[in-house]
Amino acid sequence: MTPFNPTALLVMLLTFYPIVSGGELLRARRERPEYFAGGEIIGRHFDALRLPDGVVWDLIFAVDGPGVPHWQAIQPGGGDGGAGDPAFALAPGPLVPIDLTTWPTPARADVFVPLVADAIAALGGSDAVLDRALLEGIGVLTGGDLDAVVNAELGGSDGILAGSHWILDGADPSDEIAATLGLDPRIDANDADYDEPPPPDMPDVPDPGGTPSPDTPF
Amino acid sequence: MDLPFMLIEMRDEQTVERDGRTLVHQKLVRFYLGKFGPFTERFEAGATSTDIGVRVEAVRATIRGLPS
């Protein structure tokens, strides 16, 4: 963010906003936010700027007085701009562009290659052992040998599937089909009359008292 | 008062209008005039050096009018 510079702000206001009012200050804040360094316009007449570090700047002279208002940039307490929260002090300006040539490019450090090389060397010729084991495995477990091993260890799936297929082929569903031909595929909610006995009537509610006489006073 | 122009930054930027759909193409110019600044001004994307110079001269004239 551009550091706050009250002189630059004042020059900008004097140059581009000839009408001095709180509304124009709000417009300037919206159109040229860089000059305000993230501050917010405050005050009953929108005539002051409060920076993020808490410093307040009065930007309109005689905003509600008898005199002619004009732009200004002063601190109400007469501070010098450094009287904010020291934890959020603004950087002193003006800033200058960073000279990228002063930032040396870090030297390329090969970190992972030596690590991997050392780890492989620590295995001590394990590659040859693994290669031999792989070749032996390929030589043993190929084709019918592999099927034989699987069938011997897992019992084989071919025989089980063949048996299931033989049972399904021999099944005759004609009886089930004939039995369903006479059924009504619909569900008729009014197929029969309601023949359950009716529930008993509710007993009479006892009279809590005698019926008052028309002549009885309340 | 000698107020040499020192260009700090010039870049094209795109901002989104309040409607959230319209992109506005602008040219941002940041500069110093002597010890004064930085001044940050935005121009239309097709602004020429003359357009920028006119505004810079306006700022320079204001500075020269300040009480010393």
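On a predicted model such as this, the values are computed, not experimentally measured, just so you know. Letters A, B, ... are given to chains in the order of the sequence lines, protein chains preceding strands, and every chain is numbered from 1.
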Legend entry - Inter-chain contacts: residues 13-23 of chain A against chain B, heavy atoms under 4.5 Å: A/Leu14, A/Thr15, A/Phe16
Inset, instruction - Return the minimal non-hydrogen interatomic distance between B/Pro38 and A/Ala8, and the atom names on each side. - result: O-CB, 3.9 Å
Inset, instruction - Compare all side-chain heavy atoms of A/Thr7 with those of B/Lys35 and state whether any distance is below 4.5 angstrom. - result: no
Inset, instruction - Heavy-atom distances under 4.5 Å only: say whether B/Phe39 touches chain A with side chain, backbone, both or neither. - result: both
Legend entry - Residue B/Glu44 excluded, over 12 heavy atoms near CD under 6.0 Å: no
Legend entry - Contact origin within B/Leu33 toward chain A - heavy atom pairs under 4.5 Å: neither
Inset, instruction - Please determine, among B/Arg42, B/Arg55, B/Glu41, the option with the most heavy-atom pairs under 4.5 Å with chain A. - result: B/Glu41
Legend entry - Separation between CG of B/Leu66 and CG of A/Leu10, rounded to the nearest 0.5 Å: 6.0 Å
Inset, instruction - Measure from the side-chain N and O atoms of A/Tyr35 to the backbone N and O of B/Thr40, and report whether any donor-acceptor pair falls under 3.5 Å. - result: yes
